[in-house]
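In what follows, a structure is listed as structure tokens, so that the remarks can point back to it.
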There are 2 protein chains.
Amino acid sequence: MNDLSSPLHSLKVTCSNCSLRELCLPVGLNRDEMAQLDAVIRQSRRFKRGEYLFRSGEGFRSLYAVRTGYFKTCVSSQDGREQVTGFHMSGELMGLDGISSNTHGCDAIALEDSEVCELPFSRMESLGRDIPSLQHHFFRLMSREIVRDQSVMLLLGNMKAEERLAAFLLNLSQRLASRGFAANDFILRMSREEIGSFLGLKLETVSRTLSKFQQQGWIRVDHKHIQLVRPEELKALVAGCSQANSAG
Amino acid sequence: MNDLSSPLHSLKVTCSNCSLRELCLPVGLNRDEMAQLDAVIRQSRRFKRGEYLFRSGEGFRSLYAVRTGYFKTCVSSQDGREQVTGFHMSGELMGLDGISSNTHGCDAIALEDSEVCELPFSRMESLGRDIPSLQHHFFRLMSREIVRDQSVMLLLGNMKAEERLAAFLLNLSQRLASRGFAANDFILRMSREEIGSFLGLKLETVSRTLSKFQQQGWIRVDHKHIQLVRPEELKALVAGCSQANSAG
DNA sequence: GATCTGCATTGACGCTCATCAAGCAAGCTC
DNA sequence: GAGCTTGCTTGATGAGCGTCAATGCAGATC
């Protein structure tokens, strides 16, 4: 299973005052380049649970990298239907969809008290011209988002409820593990309804499927506290959908 | 309805020998920059119906722009399930998902005899450093692909079969119209099964839904020949799903 | 023209998941 | 602690779409 959802190379979330380049920008910059980057990155901003980082339709100026906390992004239709397009944890980038039209194309909402770094896009763009490896990294980040989206399409277009949920849990597990957290014991930061919206299911189906997994002894569920008891069984469920377990 | 699926600004398909920059690259380059671009773009290559432009897993070197013809891109899982991730007509770019891992992440297959231009990516990248507007245009192209993918997620996650198919037909119509073709009378280049794979439906459901639309007098269906008789009714079906009618 | 093959249509049936509804637990406010 | 709100679980029911199967149509091949 490849980590398509955390597109960041050098990931260290252990220090509390780490600068952005440690969070989500590539190693391989020299000291001068680092200084240039530091000059562009804005101080981090804090958001309380439920606050909007940006809204669909707002002017686009910056990308945002999660430093701490948890966000969801979602597109909503005029009649109120909402589709969660992703959950974003530390080190991940949001706002890439805003570049095309200079307008944000989705909402980004904090799922818990969170902190982000702001990357003014036009300055990053011109910095990329001076630092080829930085430019290349940005292309890779955007491409990785496209790959992730494709795997979500496969999930939504081809998989059954159980497979979707198994893929979702495994993906969370793997992203948490890559950040140094426990892979098989974690807290969901989102509601059943938000999970359902992301997976194209109703909240009742999410709830029932979690219960079913628990009855089979594959996981343990205590509200938002999830333990993966037999992750290999979950993997067997999504086996064959190699592209699909990177949904995040 | 905005044209999220044809991310190309200056689109002229009228001349038969048009160079790539007229197909999919921005105006606003001076003569010298145009010459640089021409030096990078490879001669176009031809593909017969059914041939692969690239395959998932192959090394990534170039992006490809459709000059004439029609392609589909699809991801497939190990157990053979296939998800069509997009249909691509003249002026559209394929291969962006390959940048992240230096490996193509999907298959691209010609749906009819077709012609593409090859854009060696690393040379485009370095050219972008010299020509800021070109660099910016590439970021926009990639962002637009992300926006398109998000609207497909909304379609797959939230919409019913009729809504999906209506959105699909309207999107095709609109992309053809923007290329100077008839908006309400066109030939489908893909099979019912491929449409179904893209929309997360089975081919029988696609067929039945087309028949239903025809019975209601909204469209006329004669095999691959489609006429939109009352497109406003289709629009009413997807009304409220503003993000979703850009599925391509 | 006869046959073959691939694709599309249509019908019958059944499964998955959405819907509706009731009840429960945890966290608020007062 | 009572009462409210919010989110989750669980059950009953049915709609929508998938599955299986039969048939039909059109173009390709000989």
Side-chain angles (χ1 to χ4, degrees), chain A residues 48-50 70 72 79-84 109 111-113 155-169 187-216 219-227 237, chain B residues 48-50 70 72 79-84 109 111-113 155-169 187-216 219-227 237:
Chain A
K48 290 215 173 299
R49 177 188 150 90
Y70 232 93
K72 69 170 174 179
D79 61 355
R81 281 188 270 192
E82 175 179 295
Q83 173 75 29
V84 172
I109 301 166
L111 292 174
E112 59 178 29
D113 294 0
L155 181 144
L156 292 173
N158 270 307
M159 293 169 71
K160 293 194 187 298
E162 292 190 12
E163 297 169 324
R164 294 184 197 191
L165 205 62
F168 174 74
L169 292 174
I187 305 293
L188 296 175
R189 303 300 176 177
M190 67 295 283
S191 71
R192 303 288 193 267
E193 185 165 18
E194 287 163 334
I195 296 172
S197 171
F198 178 62
L199 297 178
L201 302 170
K202 291 295 161 184
L203 70 94
E204 295 94 330
T205 304
V206 173
S207 180
R208 266 187 260 272
T209 308
L210 285 175
S211 297
K212 191 184 288 182
F213 285 169
Q214 179 163 242
Q215 277 166 31
Q216 289 172 299
I219 68 174
R220 226 167 280 146
V221 183
D222 176 26
H223 300 100
K224 307 233 168 198
H225 180 195
I226 303 283
Q227 290 173 281
L237 249 189
Chain B
K48 289 215 174 299
R49 176 187 151 90
Y70 231 94
K72 69 170 176 180
D79 61 356
R81 282 188 270 193
E82 174 178 296
Q83 173 75 28
V84 172
I109 302 165
L111 292 175
E112 58 180 29
D113 294 1
L155 181 144
L156 292 173
N158 270 307
M159 293 169 71
K160 294 195 188 298
E162 292 191 12
E163 297 170 324
R164 295 184 197 192
L165 206 62
F168 174 73
L169 292 174
I187 306 293
L188 297 176
R189 302 301 175 178
M190 67 294 284
S191 70
R192 303 288 191 266
E193 184 165 18
E194 286 162 334
I195 296 172
S197 171
F198 179 62
L199 297 178
L201 303 170
K202 292 294 159 184
L203 71 94
E204 293 94 331
T205 303
V206 173
S207 180
R208 268 186 259 271
T209 307
L210 286 175
S211 297
K212 191 184 287 181
F213 286 169
Q214 178 162 243
Q215 278 165 31
Q216 288 171 301
I219 68 175
R220 226 166 280 145
V221 184
D222 176 26
H223 300 100
K224 306 233 172 202
H225 180 195
I226 302 284
Q227 290 173 281
L237 250 189

Using a heavy-atom cut-off of 4.0 Å across all strands, would you classify B/Gly200 as base, sugar-phosphate, or nothing?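 Sugar-phosphate: the residue B/Gly200, judged by heavy atoms under 4.0 Å, touches backbone atoms but no base.
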Encode nucleotides 3-11 of chain C as B, S and - characters from 5' to 3', where the letter depends on protein heavy atoms closer than 4.0 Å: B to the base, S only to sugar-phosphate, - to neither. -----SBBB
So, do B/Ile226 and B/Ile187 sit near enough that their side-chain heavy atoms are less than 4.5 Å apart?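 They are not in side-chain contact.
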Contact between B/Arg164 and B/Leu156 at the side-chain level, heavy atoms closer than 4.5 Å - yes or no? yes
Heavy-atom pair with the smallest gap, counting every atom of [X] and [Y]:
{"X": "A/Met190", "Y": "A/Tyr70", "value": "CE-CE2, 3.9 Å"}
{"X": "B/Arg189", "Y": "B/Leu111", "value": "O-CB, 3.7 Å"}
{"X": "A/Ala161", "Y": "A/Thr205", "value": "CB-CG2, 3.9 Å"}
{"X": "B/Ala167", "Y": "B/Leu155", "value": "CB-CD1, 4.0 Å"}
{"X": "B/Lys72", "Y": "B/Val84", "value": "CD-CG2, 4.3 Å"}

Terminal helix-axis angle for the helix from C/dG1-D/dC30 to C/dC30-D/dG1, with five pairs defining each axis and rounding to 10 degrees: 40°
Assess the residue pair B/Leu237 and B/Leu165 against the criterion (side-chain contact (heavy atoms from CB on, under 4.5 Å)); give the C-alpha distance rounded to whole Å, side-chain angles, the decisive distance to 0.1 Å, and a yes or no. CA-CA 10 Å; B/Leu237 250 189; B/Leu165 206 62; over 6 Å; no
B/Asp222 or B/Lys202, whichever maps to the more 5' nucleotide of DNA chain D: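 On the 5' side of the pair lies B/Lys202.
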Step-by-step side-chain contact (heavy atoms from CB on, under 4.5 Å) determination, A/Val206 to A/Phe168: CA-CA 11 Å; A/Val206 173; A/Phe168 174 74; over 6 Å; no
Between A/Asp113 and A/Lys48, is there a donor-acceptor pair closer than 3.5 Å when you use the side chain of the first and the backbone of the second?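 No: the side chain of A/Asp113 does not pair with the backbone of A/Lys48.
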Tell me whether the count of non-hydrogen atoms from other residues, nucleotides or ligands lying under 6.0 Å of CD in B/Glu193 goes above 12. no
For the pair made of [atom1] in [X] and [atom2] in [N], what is the distance, rounded to whole Å?
{"X": "B/Lys160", "N": "C/dT16", "atom1": "NZ", "atom2": "C1'", "value": "13 Å"}
{"X": "A/Asn158", "N": "C/dT16", "atom1": "CG", "atom2": "P", "value": "16 Å"}
{"X": "B/Met159", "N": "C/dA18", "atom1": "CE", "atom2": "P", "value": "16 Å"}

Walking along DNA chain D from 5' to 3', note the first and the last nucleotide with an atom under 4.0 Å from a heavy atom of chain A, and give both. D/dC8 to D/dA12
